[in-house]
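Everything below concerns the one structure shown next.
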Amino acid sequence: MTERKKDRPWLMRTYAGHSTAEASNELYRRNLDKGQTGLSVAFDLPTQTGYDPDHVLARGEVGRVGVPVSHVGDMRRLFQDIPLEQMNTSMTINATAMWLLALYQVVAEEQGADVSKLSGTTQNDIVKEYLSRGTHVFPPVPSLRLTTDMIAYTVNHMPKWNPINICSYHLQEAGATPVQEVAYALSTAVAVLDSVRDSGQIPAERFGDVVGRISFFVNAGVRFVEEMCKMRAFTRLWDRIARERYGIEDPKQRRFRYGVQVNSLGLTEAQPENNVQRIVLEMLAVTLSKDARARAVQLPAWNEALGLPRPWDQQWSLRIQQVLAHESDLLEYDDLFAGSHVVEAKVESLVSDALTEMERIEEMGGVMAAVESGYLKSQLVSSHAERRAKIEAGEERIVGVNCYEGTEPSPLTADLDAAILTIDPATEARTVQAVKDWRRTRDEPGGTSQAPGPRDNVWPPSAKALELLKKAATTDANLMEATLECARAGVTTGEWAGALREVFGEFRAPTGVSGAPVAVTAEKGSTLAEVRRRVSRTADDLGGGRLRLLVGKPGLDGHSNGAEQIAVRARDAGFEVVYQGIRLTPEQIVSAAVAEDVHCVGLSILSGSHAELVPDVLRRLREAGADDVPVVVGGIIPSADAAALKAAGVAAVFTPKDFGITEIIGRIVDEIRSANTLEPLEVPA
């Protein structure tokens, strides 16, 4: 019997980037030396949201959750000594995807690369930003135009590049069920493809080239059988859509091409060593089934619920992939689940339910209309609330969190402060100064300073490029060429996005909180009923109507899931909730707190900027004469930082180990009573 040829392994990546372009470049080259076969670039939040490091909203965020890239000089340093023509690079970037791809192309040109041979992916899925991740900038219509223009450009000039990564990953993080994840992602793909088709930029006979370059980026949770079936459902539905809606005959162009990062939502702060086996099970969901196997895999690190992973932690995640690919016999067999009636029944169920949801979205006018109406967001908030309620009730068991909580001391976390990567606060100041120096010297040979704008009737290259970009944005021209000129002229990320903000405006996505149904009922004797009693009693004691809680997200962190769940549960507990969504300055939060005369301010930060932004909020409350309003903080906050925040005046700090949301609301009531010198309320036994 002839031995079957072993399948080629998937691309192996780690999602990485931090501090500076130089530090990230060193990390990338080290990871490539360890056997990583592709790069996955994490950009910091100012880069993702179109701000330069010296913008007021960038304070505390520079270099925290990724690498800051402000201009072509940063991109040069990021890929120093990495030949881009030979590399497969994934860039997790959405609202500013066109800009980052332009910078990447310019650096590749400087390296002497053939642009048509560049391979990689830009995520470029703005819909999931409105729903879950929060790094959107422009309204839906111009955002879809940017995506459309970029797809058309890459199909014509960079045929190996995946210009969009329809990203359902963050939908699952925001609470999406498998059905919702499939339906919302494929509805987004339909909206994008319809837009490219209707733009007329690609001839009908070449539309298969467009469909063939669409890729997806998915999530895989610990329910790995269901997740594997979800991937088979994705594959089946995508083939049907490509064939029936777009008339694509070539099976290769109809192939469902996806990369994956397995679930971070399920990683726990409690007993974090358990995250290793969670990651392994989640990886099996996207590798076991050959007919629906991922083309690229990146795994989170075991300690991401504690803070930023170190290089060693990322290496561990890479080794998990390598052991499966190279030591096991997985790649030696055809699909293991072909003919399984159990798998087939589950896949058909997912396909049917997803089609029903897609039809509902189509009836609303498509995915963009469903975003603008708030339907999709409220559905996700509701699904997430239901899942949280099951965890709190013990119906969904999480080892080390709501069961089997006893544990031996872990050598992995014996020194918590050393178990994560920390970013030198001075890095931000250096980056801010560097971008100021760049803007001051870019337009003159030899570094001579020149202010932007006309001088002696001559426009500096950067100012001229920005004017051309704004002019192009008012027409139906493809914006990629004007963006490339901006990149070559030394324009910065904030200037590029700022120019388009002038033309397109900005967008604040619906929060989904007001439309979310009650997830936990306040039945007599329940924890929520008791908290409702305490809320009502405290409001009566203070004599000012209902208790008012402001839930605020300062800075650029768009991970709003936790804030939304607190807001919904506080509402159900009887609070009047003030929640204005993401991306607020400390000044705006304090102004709202004073104007609404709130009894407590709750801040949610997951990006690591708490050390900068929370003390600023406290200071502004003192200056406004509202220092008697207790401030509570939630997020991924190391223990040393939590102690520092409490010393600065924060009343309470909540981290992922505090999974009981109703209990958190009860703690907030306690802090309000303490701040107003009210006697503690007895909790019934």
Side-chain angles (χ1 to χ4, degrees), residues 511 513-514 516 518 520 522 527-554 560 562-582 584-605 610 613-635 637 642 645-654 658 660-683:
T511 67
V513 169
S514 60
V518 174
V520 179
T527 303
L528 183 59
E530 168 55 24
V531 172
R532 282 184 66 93
R533 181 188 71 83
R534 292 161 63 191
V535 168
S536 177
R537 170 69 183 275
T538 303
D540 290 343
D541 289 346
L542 292 174
R546 295 169 64 192
L547 290 188
R548 292 176 295 282
L549 170 68
L550 184 146
V551 177
K553 285 198 65 65
S560 58
E564 290 156 2
Q565 294 307 310
I566 291 292
V568 169
R569 193 65 56 85
R571 176 203 67 185
D572 296 346
F575 273 92
E576 179 181 331
V577 178
V578 179
Y579 178 56
Q580 299 171 326
I582 62 172
L584 300 171
T585 65
E587 182 180 17
Q588 289 171 320
I589 289 172
V590 170
S591 294
V594 172
E596 299 289 345
D597 192 24
V598 299
H599 296 94
C600 182
V601 173
L603 303 177
S604 170
I605 305 176
H610 48 266
L613 300 181
V614 174
D616 194 11
V617 171
L618 292 171
R619 177 180 62 80
R620 291 177 184 276
L621 283 171
R622 286 194 297 270
E623 292 173 353
D627 52 329
D628 57 337
V629 176
V631 174
V632 301
V633 181
I637 301 173
L645 291 177
K646 290 179 180 177
V650 169
V653 175
F654 303 103
D658 302 298
I661 298 181
T662 303
E663 286 77 6
I664 291 174
I665 304 302
R667 288 273 305 278
I668 290 173
V669 177
D670 293 341
E671 297 300 339
I672 292 172
R673 294 190 69 84
S674 176
N676 288 277
T677 64
L678 298 175
E679 291 291 326
L681 292 176
E682 293 294 326
V683 179

Exercise for the section: Let me see the working for Asp658 and Glu663 under side-chain contact (heavy atoms from CB on, under 4.5 Å), right down to the final yes or no. Expected result: CA-CA 8 Å; Asp658 302 298; Glu663 286 77 6; over 6 Å; no
Exercise for the section: Could you walk me through whether Val551 and Leu549 pass the side-chain contact (heavy atoms from CB on, under 4.5 Å) test, one step at a time? Expected result: CA-CA 6 Å; Val551 177; Leu549 170 68; 4.0 Å; yes
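Leu550 approaches Ala592 most closely through the heavy-atom pair CD1-CB, 3.6 Å. Residues Ala642 and Val653 share a closest heavy-atom pair of CB-CG1, 3.9 Å. Across Asp616 and Pro586, no two heavy atoms sit closer than the pair OD2-CG, 3.4 Å. Here the shortest heavy-atom pairing between Gly574 and Arg546 reads O-NE, 3.5 Å. Looking at every heavy atom in both residues, Ala648 comes nearest to Leu618 through O-CD1, 3.5 Å. Among all heavy-atom pairs drawn from Pro554 and Gly552, the shortest one is CD-O, 3.5 Å.
One finds the CD1 atom of Ile637 at 6.0 Å from the CG atom of Leu645 (value rounded to the nearest 0.5 Å). With rounding to the nearest 0.5 angstrom, the CD1 atom of Ile661 is 5.0 Å from the CD atom of Gln565. To the nearest 0.5 angstrom, Ile566 atom CD1 is 11.5 Å from Glu564 atom CD.
For Arg673, the side chain to side chain donor-acceptor pair (under 3.5 Å) test picks out Thr538, Asp541, with sequence neighbours left out. Every side chain to side chain donor-acceptor pair (under 3.5 Å) that Thr585 has, sequence neighbours left out, goes to Gln588. Residues satisfying the side chain to side chain donor-acceptor pair (under 3.5 Å) test with Asn676, not counting sequence neighbours, are none. Residues that satisfy the side chain to side chain donor-acceptor pair (under 3.5 Å) test with Glu576, not counting sequence neighbours, are absent from this structure.
Between Asp572 and Arg532, none of the side-chain N atoms (NZ, or NE/NH1/NH2) sits under 4.0 Å from a carboxylate O, so this pair counts as no salt bridge.
A 4.5 Å side-chain heavy-atom check between Phe575 and Ile668 finds at least one atom pair inside the cut-off. The shortest side-chain heavy-atom distance between Asp670 and Arg534 falls under the 4.5 Å cut-off. Considering only heavy atoms from C-beta on, Val577 stays 4.5 Å or farther from Val568 through its side chain.
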Which atom pairs, one a donor and one an acceptor, fall under 3.5 Å between side chains of residues 593-605 and the rest of the protein, sequence neighbours left out?
from   : atom 1 : to     : atom 2 : distance (Å)
Asp597 : OD2    : Arg548 : NH2    : 3.4
His599 : ND1    : Arg548 : N      : 3.0
Ser604 : OG     : Lys553 : NZ     : 3.4

Scan the side chains in residues 622-633 for donor-acceptor partners under 3.5 Å anywhere in the protein, sequence neighbours excluded, and list what turns up.
from   : atom 1 : to     : atom 2 : distance (Å)
Glu623 : OE1    : Arg619 : NH1    : 3.4
Glu623 : OE2    : Arg619 : NH1    : 2.9

